[in-house]
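Each chain gets a letter, A, B and so on, in the order its sequence line appears, and its residues count up from 1.
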Protein chains: 2
Amino acid sequence: MKGTTPAEADASPSTEGPRAWKEKFVSIEDCPIRTVINQIGDKWSVLILAVLGTRPHRFGELRREIDDISQRMLTQTLRDLQRDGLIARRVIPTVPPSVEYSVTALGKSLLEPMSRLIGWAERHQAEIKLARQRFDDSVAPE
Amino acid sequence: MKGTTPAEADASPSTEGPRAWKEKFVSIEDCPIRTVINQIGDKWSVLILAVLGTRPHRFGELRREIDDISQRMLTQTLRDLQRDGLIARRVIPTVPPSVEYSVTALGKSLLEPMSRLIGWAERHQAEIKLARQRFDDSVAPE
DNA sequence: CCGAATCCAATCTGATACTG
DNA sequence: CAGTATCAGATTGGATTCGG
């Protein structure tokens with residue numbers, strides 16, 4: 001995926017002029033979409049962003065709250081998100097040093113379209129699950 | 001037979017707050033978000049959905065239009081999307097058989113939140129790129 | 001407490017060749 | 001034309017261990 005519409009009137013992909021997309025799509029080069037989807041499409045980014053969206057968290061807090069993430073992936077994902085300017089890292093020089101993460105303005109702005117997608121997922125999860133079952137049954141009914 | 005989805009009322013509350021999310025997140029088990037993000041987070045799904053969103057395409061058309069996708073990945077991604085009920089596969093029994101793919105009602109409903117995300121990516125791509133450069137420079141200023 | 005480094009298994013992707 | 005099969009390389013994610 002790749003470029004898209006002018007970005008404001010995006011609500012009608014199928015009725016209006018998705019025509020414009022295609023042209024940008026096919027040229028994979030500097031696809032901005034890929035950049036984003038690849039980042040939030042990994043295993044933990046969306047979850048971390050969502051959690052940080054509620055309030056800032058310290059490293060240990062995040063770890064406890066997600067709890068099935070390995071320390072390695074938490075560190076790495078936080079780093080990547082920070083690199084993209086979506087979250088901010090603030091070192092607090094206490095005795096045992098602590099580090100606080102929070103979403104930046106840019107990160108907050110992402111949270112909104114992201115929540116739409118999440119909302120969609122929630123509303124349609126049952127439908128998807130059903131479709132999967134039907135498909136799997138019809139393929140391997142044996 | 002398939003969707004029968006309403007598929008129209010997806011323009012959910014803009015920012016009803018990530019508050020409610022967290023609880024559902026932390027229990028990873030049947031997290032609906034993962035299901036969706038994992039699917040569209042792969043390398044080709046969003047692109048294919050977007051292209052099919054403009055109009056139905058035949059297999060070969062898709063292949064030519066995307067052109068840097070391998071036949072293997074095109075087949076596989078289409079299959080996965082079909083499995084989730086997002087696209088429909090219609091075999092046309094012509095002499096050399098042809099197969100047409102199109103987005104279902106469910107797929108169309110996904111296109112909307114998806115395009116929001118894409119729009120966000122476009123609007124902020126420069127900002128992200130800049131953030132990355134700054135980060136990379138500060139890390140390896142050598 | 002926070003995070004970097006190493007090792008390793010699992011998954012994903014592409015190239016190529018083959019079938020109906 | 002559409003799809004499958006197999007193999008090799010790249011990426012990802014987890015466990016463990018060490019350091020500031």
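Side-chain contact between A/Leu110 and A/Val103 is absent, with no heavy-atom pair separated by less than 4.5 Å. With contacts defined as side-chain heavy-atom distances shorter than 4.5 Å, the pair A/Ile128/B/Leu106 qualifies. In this structure, A/Ile66 and A/Asp68 have side chains that are in contact, with non-hydrogen atoms separated by less than 4.5 Å. Under the 4.5 Å side-chain criterion, counting only non-hydrogen atoms from C-beta, A/Trp120 is in contact with B/Ser109.
Across every non-hydrogen atom of A/Asp84 and A/Gln39, the tightest pair is OD2-CG, 3.6 Å.
At the heavy-atom level, B/Arg89 lies under 4.0 Å from the strands shown only through sugar-phosphate atoms. Within the 4.0 angstrom heavy-atom criterion, only backbone atoms of the sugar-phosphate kind lie near B/Ser98; the bases stay farther away. Residue A/Arg58 is classed as a sugar-phosphate contact, given heavy-atom separations below 4.0 Å to backbone atoms only.
A/Ile66 places its CD1 atom 12 Å from the P atom of D/dG14, with the value rounded to the nearest Å. One can place CG of B/Leu78 at 11 Å from P of D/dA2, the figure rounded to the nearest angstrom. Atom-to-atom, CD of B/Glu100 to P of D/dC1 comes out at 16 Å; the value is rounded to the nearest Å. Rounded to an integer number of Å, the gap from CG of A/Leu74 to C1' of C/dC2 is 10 Å. Taking atom CG of B/Asp68 as the reference point, atom P of C/dT13 lies 13 Å away to the nearest angstrom. The interatomic distance linking B/Ile69 (CD1) with D/dA2 (C1') rounds to 14 Å, in whole Å. The distance between atom CE of B/Met73 and atom P of C/dT16, rounded to the nearest whole Å, is 17 Å. Between B/Asn38 atom CG and C/dC12 atom C1' there is a gap of 13 Å when expressed in whole angstrom units.
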Mind listing the side-chain donor-acceptor pairs of residues 87-94 of chain B below 3.5 Å, one per line with the distance, residues two or more places apart or on another chain?
from: B/Arg89; atom 1: NE; to: B/Tyr101; atom 2: OH; distance (Å): 3.4
from: B/Arg90; atom 1: NH1; to: B/Glu100; atom 2: OE1; distance (Å): 2.8
from: B/Thr94; atom 1: OG1; to: B/Pro96; atom 2: O; distance (Å): 2.8

Enumerate donor-acceptor pairs with a distance under 3.5 Å from any side-chain N or O in residues 75-82 of chain B to protein atoms, sequence neighbours excluded.
from: B/Thr75; atom 1: OG1; to: B/Gln71; atom 2: O; distance (Å): 3.0
from: B/Gln76; atom 1: OE1; to: B/Arg72; atom 2: NH1; distance (Å): 3.4
from: B/Thr77; atom 1: OG1; to: B/Met73; atom 2: O; distance (Å): 2.7

Short heteroatom pairs, N/O only, protein and nucleotides 5-7 of chain C, under 3.5 Å:
from: C/dT6; atom 1: O4; to: A/Arg72; atom 2: NE; distance (Å): 3.3

Check nucleotides 17-20 of chain C for protein N or O atoms closer than 3.5 Å to its own N or O atoms and list the pairs.
none

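OP1 or OP2 of C/dG14 has at least one side-chain nitrogen or oxygen of B/Lys43 nearer than 4.0 Å. A sub-4.0 Å separation between OP1 or OP2 of C/dG3 and a side-chain N or O of A/Tyr101 is present. The side chain of A/Thr75 contributes no N or O atom lying less than 4.0 Å from OP1 or OP2 of C/dG3.
Counting only distance, with no hydrogens or angles, the side chain of A/His124 and the backbone of A/Glu122 share no donor-acceptor pair below 3.5 Å. The closest donor-acceptor contact from the side chain of B/Asp42 to the backbone of B/Trp44 lies under 3.5 Å. With hydrogens and angles disregarded, a donor-acceptor distance shorter than 3.5 Å links the side chain of B/Glu61 to the backbone of B/Arg58.
In this view, B/Arg134 satisfies the salt bridge (charged side-chain N to carboxylate O under 4.0 Å, His left out) rule with no residue, not counting sequence neighbours.
Salt bridge annotation for A/Arg132-A/Glu127: absent, with no cationic side-chain nitrogen under 4.0 angstrom from a carboxylate oxygen.
Using five terminal pairs a side, the axes of the helix from C/dC1-D/dG20 to C/dG20-D/dC1 at its two ends make an angle of 40°, given in steps of 10 degrees.
Out of D/dA15, D/dC1, C/dA4, the shortest distance to the side chain of A/Ser70 is found at D/dA15.
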